[in-house]
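Read through the structure below, which is laid out as structure tokens, and then see the notes.
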Amino acid sequence: MRDVYVVGAGQTAFGSFPDRGYRELFAEAFQAARDDVDHGIQPEDVDEAVVGTLGVGGRQIGLPGPAVTEHVGLHNTPCSRIENACAAGGSAVRAGVQAIRSGFADVVLAGGFEVMTDTSDDATKYWLGVSGETEWERLAGTTFAGVYAQMASAYLAAYDATREDLARVAVKNHRNGAANPKAHLDFACSLEDAVDAPAVAEPLNLYHCCPTSDGAAVALLAGEDVVAEYTDERVRVAGVGAASDHVGLAQRDSYTGISASRVAAETAYDRASVGVEELDLAEVHDCFAIAELLAYEDLGFCERGDAARLLREGVTDPGGDLPVNTSGGLKAKGHPIGATGIGQVVEVVEQLTGQAGDRQLEDPAVGLTHNVGGSGGAAVVHVFEEEGKVR
């Protein structure tokens, strides 16, 4: 099968934009991705489009993909919509890779969008809750904060981790987000701020939870036989992995790990012929602070129960051995559901190609993205490699 490359990637700022519609946001992200293509790209070059969105607010439940792709000039281009909860964006990238590897397309647009800030609190809870287990979680009144609070409680009881360690996730990611002009929460916070914030669902407080955001992101993918037409700086999709699990917590064997993340990561590492020790950065799905700790272990960054040590020792800081969420993560950059997984790709591509500005790491060669749906019902992991760099 052909290798696949990211030839352009771009996104809007993530935040609250009451005067902007989803088509407008998508068009901005598409143009940003086009501007990122070294030798230029035209809408007619795109053979296929895959768009991820949950459809928060119900504004265009049927055919949201063509609603945005036709708006940016992809007339008659085949377009599919993927809804895989918060993993919709990562799933769109995976589907684009599959289309190119199979020979059905040479160039694919993988995009995502969401508008989440124009609904009431109750409506937003409903739209977030539809990605949880309907009968035994959502209809029983459990929120996503409540579900992740159960996971956090189990983790803190089982391992040498504290609420202060949850706060350390927030401090790190807010510090990173403060250097990101596209971040929703673009300010730093102190450890005291993050520890003393108002409770949301014990043991999680306000600083342990990501915001709901508006935004869009687009990645343009090309096969190995046409990539030279578009760019000389090749970021290869080295490995892709995906998996699913029980949607609800009650059916799972453990609350202190997400097996879909573990299986997806193992698959991606194997297909990329990459070990964890070769990663230079990672963007992980930190919808809640506990989710980042679980990701460290599920993705193999450390042994079970050892995630807090990575934070305490600065391993996942920008100057550490494995920087995590240099963008600010979902916690600070924001979480427009359909765009989130592709926004992660944008950050990794910018880092690998030296375009990350004040967040730029020192010459990274291999990066990972990790996108989770719901509380772990789905997970997608991608490994990206800047060709020509020594790893």
Side-chain angles (χ1 to χ4, degrees), residues 145 148-149 151-180 183 185 187-197 199-200 202-211 254-258 261-262 265 276-277 279-333 335 344 347-348 351 359 361-362 364 367-372 376 381:
Y148 274 93
M151 299 165 78
S153 294
Y155 188 89
L156 297 184
Y159 299 116
D160 178 26
T162 67
R163 295 186 187 201
E164 191 169 281
D165 293 314
L166 297 176
R168 285 190 174 94
V169 174
V171 171
K172 173 180 68 69
N173 292 346
H174 270 276
R175 183 171 61 244
N176 293 344
N180 186 353
L185 304 180
F187 56 86
C189 72
S190 68
L191 186 60
E192 182 180 17
D193 291 335
V195 168
D196 295 338
V200 173
E202 289 291 346
L204 301 179
N205 68 34
L206 186 62
Y207 270 87
H208 301 150
C209 309
C210 75
S254 171
Y255 283 15
T256 59
I258 294 176
S261 294
R262 176 181 54 78
V276 173
E277 67 280 357
L279 296 178
D280 296 310
L281 76 152
E283 287 287 303
V284 308
H285 197 94
D286 62 321
C287 49
F288 298 91
I290 184 59
E292 180 160 326
L293 294 180
L294 298 183
Y296 292 177
E297 298 172 13
D298 294 329
L299 300 174
F301 300 170
C302 63
E303 298 297 324
R304 289 288 168 194
D306 207 25
R309 177 187 62 81
L310 298 190
L311 279 170
R312 295 169 189 169
E313 295 180 0
V315 173
T316 56
D317 287 348
D321 289 340
L322 180 52
V324 172
N325 287 340
T326 54
S327 70
L330 283 63
K331 175 64 196 76
K333 182 183 180 182
H335 185 26
Q344 293 177 326
E347 176 69 14
V348 168
Q351 289 285 356
R359 308 183 312 285
L361 302 174
E362 186 176 352
L368 173 146
T369 62
H370 162 249
N371 194 199
V372 174
V381 173

**Full working for salt bridge (charged side-chain N to carboxylate O under 4.0 Å, His left out) between D286 and K172** = CA-CA 12 Å; D286 62 321; K172 173 180 68 69; over 6 Å; no

**Asked** Could you go step by step and tell me if T326 and Q351 meet the side-chain contact (heavy atoms from CB on, under 4.5 Å) rule?
**Response** CA-CA 9 Å; T326 54; Q351 289 285 356; 3.3 Å; yes

**Request:** Show your reasoning for whether side-chain contact (heavy atoms from CB on, under 4.5 Å) applies to V284 and N325.
**Result:** CA-CA 6 Å; V284 308; N325 287 340; 3.6 Å; yes

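The two residues L166 and A289 have their closest heavy-atom pair at O-CB, 3.4 Å. Here the shortest heavy-atom pairing between A170 and A194 reads CB-CB, 4.2 Å. Here the closest non-hydrogen pair linking A188 and A178 is N-CB, 3.9 Å. Of all non-hydrogen atoms in A308 and A161, the two that sit nearest each other are CB-CB, 4.1 Å. Pairing each heavy atom of L368 with each of V381, the nearest pair is CD1-CG1, 3.7 Å.
L281 CG to L322 CG: the interatomic distance, rounded to the nearest 0.5 Å, is 7.5 Å. Rounding to the nearest 0.5 Å places CG of D306 at 8.0 Å from CD of E313. Annotation: the span from R304 atom CZ to D298 atom CG amounts to 4.5 Å, rounded to 0.5 Å.
Residues passing the side chain to side chain contact (heavy atoms under 4.5 Å, CB included) test with R163, sequence neighbours excluded: L156, E202, P203. Residues satisfying the ring-ring contact (aromatic ring centres under 6.0 Å, His included) criterion with Y255, sequence neighbours excluded, are absent altogether. The salt bridge (charged side-chain N to carboxylate O under 4.0 Å, His left out) search around D196 returns none, not counting sequence neighbours. Every residue two or more places apart in sequence or in another chain was checked for a salt bridge (charged side-chain N to carboxylate O under 4.0 Å, His left out) with E283, and none qualifies. Residues passing the side chain to side chain donor-acceptor pair (under 3.5 Å) test with D193 are S190, sequence neighbours excluded. Every residue two or more places apart in sequence or in another chain that forms a salt bridge (charged side-chain N to carboxylate O under 4.0 Å, His left out) with R175 is listed here: D317. Take H174 and apply the ring-ring contact (aromatic ring centres under 6.0 Å, His included) test, not counting sequence neighbours, and it matches F187, Y207. Considering only residues two or more places apart in sequence or on other chains, L191 meets the side chain to side chain contact (heavy atoms under 4.5 Å, CB included) condition with E164, A167, R168, V171, V195. Partners of C287 under the side chain to side chain contact (heavy atoms under 4.5 Å, CB included) rule, at least two apart in sequence or in another chain, are Y148, C210, H285, A291, L330. Residues that satisfy the side chain to side chain contact (heavy atoms under 4.5 Å, CB included) test with A307, not counting sequence neighbours, are Y155, L293, Y296, E297, C302. Considering only residues two or more places apart in sequence or on other chains, F301 meets the ring-ring contact (aromatic ring centres under 6.0 Å, His included) condition with none of them.
Side-chain contact between Q344 and N371 is present, with at least one heavy-atom pair separated by less than 4.5 Å. The shortest side-chain heavy-atom distance between S327 and N176 does not fall under the 4.5 Å cut-off. Side-chain contact between P211 and L185 is present, with at least one heavy-atom pair separated by less than 4.5 Å. Side-chain contact between L299 and V276 is absent, with no heavy-atom pair separated by less than 4.5 Å.
Legend: salt bridge (Lys or Arg N to Asp or Glu O under 4.0 Å) pairs involving residues 320-330, not counting sequence neighbours: none detected.
Salt-bridge annotation for R359 and E347: present, with a side-chain N of the basic residue lying under 4.0 Å from a carboxylate O of the acidic one.
For the residue pair E292 / N173, a side-chain donor-acceptor distance below 3.5 Å is found, with atom types taken as modelled.
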